[in-house]
Amino acid sequence: VLLICGSMRPKRYTTVNYYIVQGDTLWKIAGENKPNSMSYQKYIYTVYKLNDGLTANIYPGQVLLVPVYEEDEA
């Protein structure tokens, strides 16, 4: 039996430039920007997909594209 829920559909997002500052981590960026219904891992995976060649080592002055998701519809 296959059950498809409305919350399973991909969320739409736009991208913005995020300027890395001292102390930033991908986990911290995810915590500040991901929707509550999304895991940290899924958000960070999307950041990797948007930034070709990105590694876990980010540094101040670096600019990343990060997704900004639409609000969930009630």
Side-chain angles (χ1 to χ4, degrees):
V1 173
L2 177 62
L3 176 63
I4 300 176
C5 301
S7 63
M8 298 301 287
R9 64 182 162 75
K11 295 181 180 291
R12 292 188 210 151
Y13 63 84
T14 57
T15 58
V16 296
N17 288 331
Y18 185 95
Y19 295 84
I20 304 298
V21 296
Q22 187 68 38
D24 276 343
T25 64
L26 293 175
W27 195 267
K28 179 181 173 189
I29 293 166
E32 294 171 350
N33 295 285
K34 73 174 191 64
N36 290 334
S37 60
M38 180 179 283
S39 71
Y40 281 81
Q41 293 86 352
K42 184 171 176 102
Y43 186 88
I44 292 170
Y45 175 74
T46 304
V47 173
Y48 275 107
K49 287 193 326 184
L50 292 171
N51 296 275
D52 190 41
L54 179 65
T55 68
N57 299 319
I58 59 175
Y59 52 89
Q62 186 176 6
V63 181
L64 299 179
L65 281 177
V66 298
V68 176
Y69 287 86
E70 291 181 4
E71 292 293 322
D72 289 335
E73 297 176 9

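Reckoned from all heavy atoms, side chains included, excluding hydrogens, waters and symmetry mates. Along the sequence shown, residues carry numbers from 1.
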Which is it for Y43 and V66 under the side-chain contact (heavy atoms from CB on, under 4.5 Å) test, yes or no, and what are the steps along the way?
CA-CA 9 Å; Y43 186 88; V66 298; 3.6 Å; yes
Got a sec: does the [atom1] of [X] have more than 12 other heavy atoms crowding it under 6.0 Å?
X	atom1	value
N17	CG	yes
K28	NZ	yes
E32	CD	yes
Y48	OH	yes

Locate the shortest heavy-atom distance separating I58 from L26; write the atom from each residue and the value.
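Heavy atoms only, the tightest pair is CD1-N, 3.9 Å.
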Does any non-hydrogen side-chain atom of [Y] lie less than 4.5 Å from one of [X]?
X	Y	result
Q62	Y18	no
Y69	M38	yes
P60	V21	no
V63	I20	no
P67	L50	yes

Is it true that the NZ or CZ of K34 lies under 6.0 Å from the centre of Y40's six-membered ring and within 45 degrees of the ring axis?
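Cation-pi check for K34 and Y40: passes.
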For E70 and Y13, run side-chain contact (heavy atoms from CB on, under 4.5 Å): C-alpha distance rounded to whole Å, both residues' side-chain angles, the deciding distance at 0.1 Å, then the answer.
CA-CA 6 Å; E70 291 181 4; Y13 63 84; over 6 Å; no
Verify same cluster id: V68, W27 (apolar side-chain graph, 4.5 Å):
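Per the 4.5 Å side-chain linkage, V68 and W27 are co-clustered.
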Interatomic distance, N51 atom CG to T15 atom OG1 [nearest 0.5 angstrom]:
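Taking CG in N51 and OG1 in T15, the distance rounds to 9.0 Å.
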